[in-house]
Amino acid sequence: MTIKYCGLLTMTFQKEITLKAKNRGFHLVTNEILSQITEIAKVKVGIANIFIKHTSASLTINENVSSDVLRDLEKHFNKFVPEEAPYYEHIYEGSDDMPAHIKSSVLGQSLSIPITNGKLNLGTWQGIYFGEHRNYGGSRKVVVTIIGE
Amino acid sequence: MTIKYCGLLTMTFQKEITLKAKNRGFHLVTNEILSQITEIAKVKVGIANIFIKHTSASLTINENVSSDVLRDLEKHFNKFVPEEAPYYEHIYEGSDDMPAHIKSSVLGQSLSIPITNGKLNLGTWQGIYFGEHRNYGGSRKVVVTIIGE
Amino acid sequence: MTIKYCGLLTMTFQKEITLKAKNRGFHLVTNEILSQITEIAKVKVGIANIFIKHTSASLTINENVSSDVLRDLEKHFNKFVPEEAPYYEHIYEGSDDMPAHIKSSVLGQSLSIPITNGKLNLGTWQGIYFGEHRNYGGSRKVVVTIIGE
């Protein structure tokens with residue numbers, strides 16, 4: 001258990017980074033993100049907000065070892081957010097488009113993660129997942145905002 | 001890509017606002033919220049936390065142009081969070097009540113969005129959706145908290 | 001409606017706490033969390049980030065009175081995130097494991113809640129739910145980070 005209590009030294013840091021284009025599905029991107037925000041090492045205690053500027057992709061946290069979790073997540077969401085549901089009206093951008101919007105809202109477009117001693121304070125098995133929900137999504141923009149001391 | 005790094009000038013701002021009563025379904029409320037927090041213009045870099053104080057409504061981010069996305073989201077959730085599931089015990093406030101609680105937890109009651117140069121740093125196609133999950137939800141209270149410089 | 005505007009006095013506070021082991025299902029943990037972060041009383045205005053360091057549990061907000069909402073949530077997710085789906089590859093840690101990962105991502109591992117006058121600014125009916133998605137999850141670690149004045 002750690003307790004930190006500070007005053008008068010809070011800072012705000014923000015950077016827009018890019019995630020390279022990826023295949024449809026889930027991808028572990030902890031290192032791709034951290035390698036672009038090395039400034040986090042200066043923060044003793046704070047919060048990192050990681051926000052993806054798209055409505056057909058998502059950010060979530062899940063298991064950082066087994067690649068089958070990535071694949072099973074994709075299969076789950078493909079079943080429970082089906083393509084070509086008969087009631088979809090928003091179909092003119094392809095059968096993957098409306099399901100991508102739904103997955104993006106269910107999983108979320110932002111993460112708020114504690115920072116402790118210059119690192120994201122993730123659990124042993126936690127990693128950052130990027131969900132690419134379009135068949136061809138291209139590169140994706142992410143804004144990282146850090147507030148802390 | 002922008003980088004901002006600041007110290008000693010962080011501020012916290014908070015305001016409770018009201019969203020007018022709306023029909024059941026999803027509604028684009030970016031402008032209804034922004035028009036009530038004009039103080040955001042003073043913030044160069046920070047985070048806005050937008051929190052809805054209810055358990056049968058939700059806030060999420062999705063496509064800000066096509067109104068059919070709003071309707072398709074409602075139809076999706078009505079199918080995958082059904083009313084009158086035979087195993088519901090919480091039924092005394094109406095058949096729309098327990099599904100509203102589930103939708104509220106799946107979609108979430110708060111958003112954390114980066115602020116850059118006095119504006120929410122949303123993607124081109126991103127807007128704030130309010131999900132009214134009750135048949136007659138009435139007006140809804142939202143707390144906006146901004147931390148930044 | 002309240003407006004607060006402050007400068008030069010922002011502080012960051014962080015503490016790692018433990019939630020006692022609980023049965024699979026949803027549990028109202030508002031008091032178990034608040035009793036471990038009494039320092040919140042010193043914060044006039046700010047944000048509390050509550051982050052669970054696990055990938056098979058979740059934190060969400062829902063109804064704080066009726067215990068049947070807790071049970072109905074569990075039944076809903078057991079149906080719509082089934083065990084033993086034929087397409088799961090990640091099965092070697094038990095039939096409850098892959099569904100637990102999915103539920104954790106759908107519901108989320110963190111909450112960002114406004115603080116006003118020394119208290120979490122929750123709605124009248126809002127409480128913090130802990131979702132234990134493993135059959136035997138054990139105790140769970142949570143990091144609370146508070147930024148405010």
Side-chain angles (χ1 to χ4, degrees), chain A residues 7-18 36-37 39 42-43 46-58 79-82 85-93 97-113 140-149, chain B residues 1-12 26 43-49 58-81 103 106-108 110-117 120-127 129 131 146-149:
Chain A
L8 286 177
L9 290 163
T10 306
M11 66 167 205
T12 307
F13 164 85
Q14 190 174 76
K15 190 173 187 177
E16 186 166 315
I17 65 177
T18 299
Q36 296 184 71
I37 51 165
E39 298 84 353
K42 297 175 191 165
V43 181
I47 294 174
N49 176 262
I50 306 173
F51 181 88
I52 192 161
K53 298 177 71 171
H54 302 272
T55 62
S56 56
S58 62
K79 177 167 180 187
F80 286 91
V81 187
Y87 44 81
Y88 287 156
E89 298 174 56
H90 185 76
I91 55 176
Y92 50 89
E93 290 177 53
D97 189 50
M98 190 59 218
H101 288 309
I102 297 171
K103 294 169 185 174
S104 182
S105 275
V106 169
L107 287 160
Q109 296 100 352
S110 86
L111 298 172
S112 292
I113 302 174
R140 298 293 200 169
K141 290 181 199 164
V142 170
V143 179
V144 180
T145 307
I146 292 171
I147 301 182
E149 165 174 357
Chain B
M1 186 197 301
T2 59
I3 302 180
K4 285 161 205 277
Y5 189 104
C6 321
L8 287 178
L9 291 163
T10 306
M11 65 167 203
T12 307
F26 291 86
V43 181
K44 283 198 68 171
V45 57
I47 294 174
N49 175 262
S58 62
L59 292 172
T60 189
I61 290 175
N62 222 306
E63 222 260 31
N64 61 9
V65 174
S66 306
S67 58
D68 45 16
V69 174
L70 297 160
R71 293 191 297 272
D72 286 359
L73 267 183
E74 174 69 5
K75 286 179 281 182
H76 170 81
F77 282 102
N78 286 342
K79 176 167 181 187
F80 286 92
V81 186
K103 293 169 185 173
V106 168
L107 287 159
S110 86
L111 298 172
S112 292
I113 302 174
I115 300 171
T116 310
N117 293 327
L120 293 182
N121 193 346
L122 293 166
T124 309
W125 309 107
Q126 287 182 313
Y129 279 28
I146 292 171
I147 300 183
E149 166 174 356

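Naming convention: chains lettered A, B, ... in sequence-line order (proteins, then strands); numbering from 1 in each chain.
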Interatomic spacing from NE2 in His54(A) to OG1 in Thr124(B) - rounded to 0.5 Å
8.5 Å
Any chance you could measure Ile115(B), atom CD1, to Thr12(A), atom OG1, to the nearest 0.5 Å?
9.5 Å
Quick one, Phe51(A) and Ile61(B) - any side-chain contact, counting heavy atoms below 4.5 Å?
yes
How far does NE2 of His90(A) sit from CG of Asp72(B), to the nearest 0.5 angstrom?
7.5 Å
Counting only heavy atoms closer than 4.5 Å, note whether Ile146(A) contacts chain B via side chain, backbone, both or neither.
neither
Take a 6.0 Å sphere around NZ of Lys141(A) and say whether it holds more than 12 heavy atoms from other residues, nucleotides or ligands.
no
Which portion of Pro99(A) sits near chain B, non-hydrogen atoms under 4.5 angstrom:
neither
What's the spacing between Phe13(A) CZ and Glu149(B) CD if we round to 0.5 Å?
14.0 Å
So do Thr10(B) and Met11(A) actually touch side chain to side chain, heavy atoms under 4.5 Å?
no
Applying side chain to side chain contact (heavy atoms under 4.5 Å, CB included) to Asn121(B) and Glu16(A), what does each step give before you reach the verdict?
CA-CA 10 Å; Asn121(B) 193 346; Glu16(A) 186 166 315; 4.2 Å; yes
Spatial distance of atom OG1 (Thr145(A)) from atom CD1 (Ile113(B)) [nearest 0.5 Å]
11.0 Å
Portion of Val144(A) that has a non-hydrogen atom of chain B nearer than 4.5 angstrom:
neither
Quick one, Val81(A) and His76(B) - any side-chain contact, counting heavy atoms below 4.5 Å?
yes
Ser105(A), Ser112(A), Gly108(A): which one forms the most heavy-atom pairs within less than 4.5 Å of chain B?
Ser105(A)
Kindly give the heavy-atom pair with the smallest separation between Gln14(A) and Pro114(B), and that separation in Å.
NE2-CB, 3.5 Å
Please check: side-chain N/O of Gln126(B) versus main-chain N/O of Ile52(A), any donor-acceptor pairing under 3.5 Å?
yes
Just so I understand: if I count every heavy-atom pair under 4.5 Å between each of Asn64(B), Leu73(B), Leu111(B), Val69(B) and chain A, which residue has the most?
Val69(B)
Do Phe77(B) and Val106(A) come close enough that some side-chain heavy atom pair is under 4.5 Å?
yes
Are Tyr87(A) and Asn78(B) close enough that some pair of their side-chain heavy atoms sits under 4.5 Å apart?
no
Working to the nearest 0.5 angstrom, can you tell me the gap between Ile47(B) CD1 and Asn49(A) CG?
4.5 Å
So, the part of Ile102(A) with a heavy atom under 4.5 Å from chain B: the answer is both
Report yes if the side chains of Glu63(B) and Glu93(A) come closer than 4.5 Å at any heavy-atom pair, otherwise no.
yes
